[in-house]
Amino acid sequence: MLLRLNHVALAVPDIEAAAATYRETLGASVSQAEALPEHGVTVVFVELENTKVELLEPLGDTSPIAAFLAKNPKGGMHHICYEVADIVAARDHLVASGMRVLGNGEPRIGAHGKPVLFLHPGDVHGTLTELQQV
Ligand SMILES: C[C@H](C(=O)O)C(=O)SCCNC(=O)CCNC(=O)[C@H](O)C(C)(C)COP(=O)(O)OP(=O)(O)OC[C@H]1O[C@@H](n2cnc3c(N)ncnc32)[C@H](O)[C@@H]1OP(=O)(O)O
Ligand SMILES: [Co+2]
């Protein structure tokens, strides 16, 4: 069911500072910051040859990453995203296997313009896991 690694996401308290570190010090190709109010985050993509790193800063009063950053004020690894061919089939299989899909269970359009959903970290051995249809 899982295909390629799509991205690894890092929650950061200051996305411009993090983008500058990746661009200027680590020498990576870094996108402009993009606000995604429907996801409660501002995002920057670090483009690598084989995958992407997603830098996330909280946006708005109800950001899903706010509690994580309160616990990890310097930032840290937040989630991993795998590609799947059919996200509804994947969801139905995972729910039937006892996994909790976050939110209302319906895929939403993610930062890459494709349907995404998230699995509860407690059901994936402590790692918040995103699936993205390709
Ligand atoms: C759009 C873009 C894209 O790529 O397309 C994105 O990625 S948007 C990326 C931002 N969007 C999301 O993350 C959406 C899905 N996330 C969520 O709904 C929420 O963040 C959540 C339900 C995972 C956690 O919410 P919360 O932090 O308010 O809740 P709690 O603090 O009660 O956390 C519940 C339990 O999950 C653990 N927990 C919370 N966040 C993480 C994390 N990132 N990795 C591993 N464990 C985690 C907590 O320690 C706690 O464990 P214990 O119970 O043991 O204490
Ligand atoms: Co993501």
Side-chain angles (χ1 to χ4, degrees):
M1 188 172 74
L2 299 187
L3 303 174
R4 291 159 58 94
L5 174 68
N6 186 272
H7 62 267
V8 174
L10 313 179
V12 298
D14 180 340
I15 201 163
E16 291 301 341
T21 296
Y22 277 84
R23 184 187 298 114
E24 290 157 26
T25 311
L26 294 170
S29 175
V30 173
S31 73
Q32 293 296 310
E34 186 182 347
L36 298 177
E38 65 279 21
H39 287 282
V41 293
T42 299
V43 63
V44 161
F45 302 111
V46 179
E47 300 281 350
L48 304 177
E49 283 190 12
N50 62 339
T51 192
K52 290 180 282 283
V53 171
E54 195 173 79
L55 306 176
L56 301 174
E57 182 186 76
L59 177 66
D61 296 335
T62 57
S63 173
I65 71 170
F68 179 91
L69 270 174
K71 285 184 203 161
N72 304 276
K74 293 180 178 170
M77 204 173 291
H78 184 259
H79 66 265
I80 187 163
C81 178
Y82 303 105
E83 297 179 355
V84 296
D86 182 337
I87 201 164
V88 170
R91 175 199 64 191
D92 291 349
H93 166 74
L94 294 168
V95 168
S97 305
M99 283 197 175
R100 287 166 286 175
V101 175
L102 295 170
N104 67 4
E106 292 304 319
R108 301 167 66 196
I109 298 301
H112 311 266
K114 304 277 179 61
V116 301
L117 52 75
F118 288 85
L119 304 174
H120 195 288
D123 297 340
V124 200
H125 308 276
T127 297
L128 178 59
T129 301
E130 180 179 5
L131 301 179
Q132 178 178 304
Q133 182 167 295
V134 289

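Atoms within each ligand, like the ligands themselves, are counted from 1 in listed order.
- Panel note: side chain R108, backbone G103; no donor-acceptor pair is recorded below 3.5 Å.
- Residue H7: an N/O/S atom is found under 2.8 Å from the Co ion (ligand 2).
- Without hydrogens or angle criteria, H120 side chain to G122 main chain gives a donor-acceptor distance under 3.5 Å.
- Note on E130: its N/O/S atom closest to the Co ion (ligand 2) is OE1.
- I80 is not listed as a side-chain neighbour of V124, based on a closest heavy-atom distance of 4.5 Å or more.
- The protein atom (non-hydrogen) at minimum distance from atom 15 (C) of ligand 1 is F118 CG, 3.6 Å.
- When side chains are defined from C-beta on, V12 does not count as touching D14, because their heavy atoms never get closer than 4.5 Å.
- For atom 39 (C) of ligand 1, no protein heavy-atom neighbour is present inside the 4.0 Å cut-off.
- Contact check for H79 versus L56: side-chain heavy atoms found under the 4.5 Å cut-off.
- Checking atom 4 (O) of ligand 1 against the protein gives a heavy-atom contact under 4.0 Å.
- Within the set R108, H78, E54, the minimum heavy-atom distance to atom 42 (C) of ligand 1 is found for H78.
- The salt bridge (charged side-chain N to carboxylate O under 4.0 Å, His left out) analysis of residues 116-130, with sequence neighbours excluded, yields the pairs R100-D123.
- Interface of H7 with ligand 1, defined as ligand atoms under 4.0 Å from a residue heavy atom, comprises 4 (O).
- In this structure, atom 52 (P) of ligand 1 is not in close contact with the protein, since no protein heavy atom lies within 4.0 Å of it.
- Residue, atom and distance of the protein heavy atom nearest to atom 9 (C) of ligand 1 are H79 CE1, 3.6 Å.
- Using a 4.0 Å cut-off to heavy atoms of G110, the atoms of ligand 1 that qualify are 5 (O).
- Between the E57 side chain and the I15 main chain, a donor and an acceptor come within less than 3.5 Å of each other.
- Atoms of ligand 1 lying under 4.0 Å from at least one heavy atom of E130, given by number and element, are 3 (C), 4 (O), 5 (O), 7 (O).
- At a distance under 4.0 Å, a protein heavy atom can be found next to atom 31 (O) of ligand 1.
- Ranking the protein heavy atoms by distance from atom 27 (O) of ligand 1 puts A67 CB, 3.4 Å first.
- Polar contact check, I65 against ligand 1: no nitrogen or oxygen pair lies under 3.5 Å apart.
- Taking 4.5 Å as the limit, some side-chain heavy atom of V101 sits within range of a side-chain heavy atom of L119.
- Residue contact annotation: C81 places no N/O/S atom under 2.8 Å from the Co ion (ligand 2).
- Note on ligand 1: Q132 sits outside its first shell, no heavy atom being nearer than 4.0 Å.
- M1 CE: more than 12 foreign heavy atoms inside a 6.0 Å radius.
- In this structure, L26 and T21 have side chains that are in contact, with non-hydrogen atoms separated by less than 4.5 Å.
- For atom 50 (C) of ligand 1, the candidate residues are K71, K52, H39, E38; the nearest heavy-atom contact is made by K71.
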inquiry  = The test is ring pair (Phe, Tyr, Trp, His ring centres under 6.0 Å); show your working for F45 and H112 and say whether it passes.
reply    = CA-CA 10 Å; F45 302 111; H112 311 266; 4.7 Å; yes

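- No donor-acceptor distance shorter than 3.5 angstrom exists from the side chain of T42 to the backbone of E34, with no hydrogens or angles considered.
- Of the protein's non-hydrogen atoms, F68 CD1, 4.0 Å is the one closest to atom 41 (C) of ligand 1.
- Atoms of ligand 1 lying under 4.0 Å from at least one heavy atom of G126, given by number and element, are 45 (C), 46 (N).
- The heavy atom nearest to atom 12 (C) of ligand 1, out of those in P115, P64, P58, G40, is found in P64.
- Remark: atom 7 (O) of ligand 1 lies closer than 4.0 Å to at least one protein heavy atom.
- Using a 4.0 Å threshold on non-hydrogen atoms, atom 23 (C) of ligand 1 counts as touching the protein.
- In terms of protein heavy-atom proximity, atom 34 (C) of ligand 1 is nearest to H120 NE2, 4.5 Å.
- Listed by number with element, the atoms of ligand 1 under 4.0 angstrom from any heavy atom of L56 are 9 (C).
- Looking at S31, its side chain never comes within 3.5 Å of a backbone N or O of V44 through a donor-acceptor pair.
- Among the heteroatoms counted here (N, O or S) of E54, OE1 is the one nearest to the Co ion (ligand 2).
- Side-chain atoms of T127 do not come within 3.5 Å of backbone N or O of T129 as any donor-acceptor pair.
- Nearest to atom 17 (C) of ligand 1 by heavy atom, out of T129, L102, T127, V124, is L102.
- Side-chain N or O atoms of Q133 include one that pairs as donor or acceptor with a backbone N or O of I87 at under 3.5 Å.
- Looking at N6, V116, L3, L2 one by one, the single match for side-chain contact (heavy atoms from CB on, under 4.5 Å) with L131 turns out to be L2.
- Compare P121, G103, A11, A9 by their heavy atoms: the one nearest to atom 36 (O) of ligand 1 is in P121.
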